[in-house]
Amino acid sequence: MSSYRDIAVNGLWKNNPALVQILGLCPLLAVSNTAINGLGLGLATIMVLTLSNLVVSATRQLIPKDIRIPVFVMVIASLVTAIELLMHAYTYTLYKTLGIFVPLIVTNCVIIGRAESFASRNTVPLATFDGFLQGVGFASVLFALGAVRELLGSGTLLSGAHHLFGEVAKDWVITIIPWQSPILLAILPPGAFIVLGLFIAGKNAIDAHRAAKARQHRAANIPEGATA
């Protein structure tokens, strides 16, 4: 049985879907040319992951094992269709900008993977919490990746915020670096690979540093004359 703390740590850091599992890279790299685009797809993914884990866990005793994967896909596809219609109704410009990657959430390996590996084996509260935290972990990387690419490529942050938050957000765009010659590579597909690679390298470096400090701490606390 997983604890809520373990689920949170795994979803946000230790087993992050984007930085560790390296899943869902197609939408991750394709739509993260601005922070708002990344956040928009990230929020849609959070909703689908949370609700699909909830439904799969609640119905896991009713679904025959032999047909569980097709049923999971139908559940996920239904939820994605509902989210797609909501975005079409309330965030139409963002919906058009994200294009094919909204319906393609159905094929996101993170979602079907969590339904099969966790939601189908755990209680509804744990499965729902896992779906939400895995979604937040994925969305956080999407947003951070979009923010860095937008900053390097355009010198701004939160460009197009009104597409997601309405007219009240028209003035939210922040010009941080008034580029004369922006780094266009950052907002092109190769820039997405480079920035994501730096994110993964940074996370691995932090984990290695923390592991080294933990080893030093354990070694310092071994009584004199005792073996490790």
Side-chain angles (χ1 to χ4, degrees), residues 1-32 37-84 87 98-146 192-193 196-197 199-201 203-204 207:
M1 177 70 73
S2 301
S3 70
Y4 287 99
R5 183 180 180 281
D6 291 339
I7 291 171
V9 172
N10 282 332
L12 297 177
W13 185 259
K14 194 174 179 180
N15 198 27
N16 185 285
L19 298 180
V20 179
Q21 300 177 53
I22 318 293
L23 295 176
L25 288 189
C26 181
L28 185 83
L29 299 172
V31 307
S32 60
N37 285 353
L39 182 61
L41 191 68
L43 292 174
T45 305
I46 289 174
M47 287 190 280
V48 174
L49 249 172
T50 304
L51 294 174
S52 65
N53 268 21
L54 188 156
V55 173
V56 168
S57 177
T59 58
R60 68 187 192 281
Q61 305 292 349
L62 307 174
I63 302 173
K65 289 187 177 180
D66 293 339
I67 60 169
R68 68 187 186 285
I69 297 299
V71 173
F72 294 167
V73 172
M74 288 181 63
V75 169
I76 295 167
S78 301
L79 293 169
V80 170
T81 301
I83 299 297
E84 185 182 3
M87 292 185 71
L98 297 179
I100 189 65
F101 293 101
V102 177
L104 278 182
I105 293 174
V106 176
T107 64
N108 192 320
C109 301
V110 179
I111 300 171
I112 189 69
R114 296 317 293 177
E116 164 63 10
S117 66
F118 195 94
S120 63
R121 295 174 170 81
N122 287 278
T123 61
V124 171
L126 281 174
T128 306
F129 190 68
D130 175 78
F132 178 71
L133 267 297
Q134 288 283 329
V136 170
F138 185 76
S140 300
V141 176
L142 257 175
F143 178 72
L145 188 62
F193 281 102
L196 180 63
F199 278 15
I200 295 172
K203 181 194 179 300
N204 291 340
D207 286 344

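As a basis for the values below, the full set of heavy atoms in this structure was taken, side chains included, without hydrogen atoms, waters or symmetry mates.
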Rounding to 0.5 Å, atoms OG (S140) and CG (L145) come to a distance of 12.0 Å
Least distance between heavy atoms, K203 atom then K14 atom: NZ-O, 4.4 Å
Value rounded to 0.5 Å, distance of OH in Y4 from CG in L133: 11.0 Å
Would L41 and N37 satisfy side-chain contact (heavy atoms from CB on, under 4.5 Å), going step by step from the backbone distance to the final call? CA-CA 6 Å; L41 191 68; N37 285 353; over 6 Å; no
Let's go through V56 and E116 carefully: what are the C-alpha distance in whole Å and the side-chain angles of both, what is the deciding distance for side-chain contact (heavy atoms from CB on, under 4.5 Å) to 0.1 Å, and is it a yes or a no? CA-CA 9 Å; V56 168; E116 164 63 10; over 6 Å; no
What's the separation between atom CD1 in I76 and atom CG in L51, rounded to the nearest 0.5 Å? 11.5 Å
Begin with the C-alpha distance, continue with both residues' side-chain angles, and end with the deciding distance and a verdict on side-chain contact (heavy atoms from CB on, under 4.5 Å) for R114 and L49. CA-CA 8 Å; R114 296 317 293 177; L49 249 172; 3.9 Å; yes
So how far is it from N16 CG to L23 CG, rounded to the nearest 0.5 Å? 10.0 Å
What closest approach, in Å, do G24 and F138 show between heavy atoms, and which atom pair accounts for it? O-CZ, 3.7 Å
Using the side chain to side chain donor-acceptor pair (under 3.5 Å) rule, take N122 and D130 through it: C-alpha gap first, then chi angles, then the decisive distance, then the call. CA-CA 10 Å; N122 287 278; D130 175 78; over 6 Å; no
Please report the shortest heavy-atom distance between R60 and S120, naming the atom on each side. CD-O, 3.3 Å
For the backbone of L62 and the side chain of T59, can you confirm whether one donor and one acceptor N or O come within less than 3.5 Å of each other? no
With rounding to the nearest 0.5 Å, note down the distance linking CZ in F101 to OG1 in T45. 12.0 Å
Could you walk me through whether I7 and F118 pass the side-chain contact (heavy atoms from CB on, under 4.5 Å) check? CA-CA 10 Å; I7 291 171; F118 195 94; 3.7 Å; yes
Does N15 reach the main-chain N or O of G11 with its side chain, forming a donor-acceptor pair under 3.5 Å? no
Look at the side chain of Q134 and the backbone N and O of V110, then say whether any donor-acceptor pair between them is shorter than 3.5 Å. no
Within a strict 4.5 Å, meaning less than it, do heavy atoms of the N53 and T128 side chains meet? no
Within a reach of under 6.0 Å around CZ of F132, are more than 12 heavy atoms found that belong to other residues, nucleotides or ligands? no
Name of the residue among V71, V75, I69 meeting side-chain contact (heavy atoms from CB on, under 4.5 Å) with I63: V71
Shortest non-hydrogen pair, P70 vs I67, comes out as CD-O, 3.2 Å
Any chance you could measure L54, atom CG, to F129, atom CZ, to the nearest 0.5 Å? 14.0 Å
Does some side-chain heavy atom of I105 sit less than 4.5 Å from a side-chain heavy atom of I83? no
Is the shortest side-chain heavy-atom distance between I200 and I22 below 4.5 Å? yes
Check L196 against V141 and note the closest heavy-atom contact, atom names and distance. CD1-CG1, 4.3 Å
Within the 4.5 Å heavy-atom criterion, are T107 and L104 side-chain neighbours or not? yes
Less than 4.5 Å apart, side chain to side chain, heavy atoms only: is that true for L142 and V31? yes
Looking only at heavy atoms, the pair that brings S52 and I111 closest together is OG-CG2, 3.7 Å
So, do S32 and F143 sit near enough that their side-chain heavy atoms are less than 4.5 Å apart? no
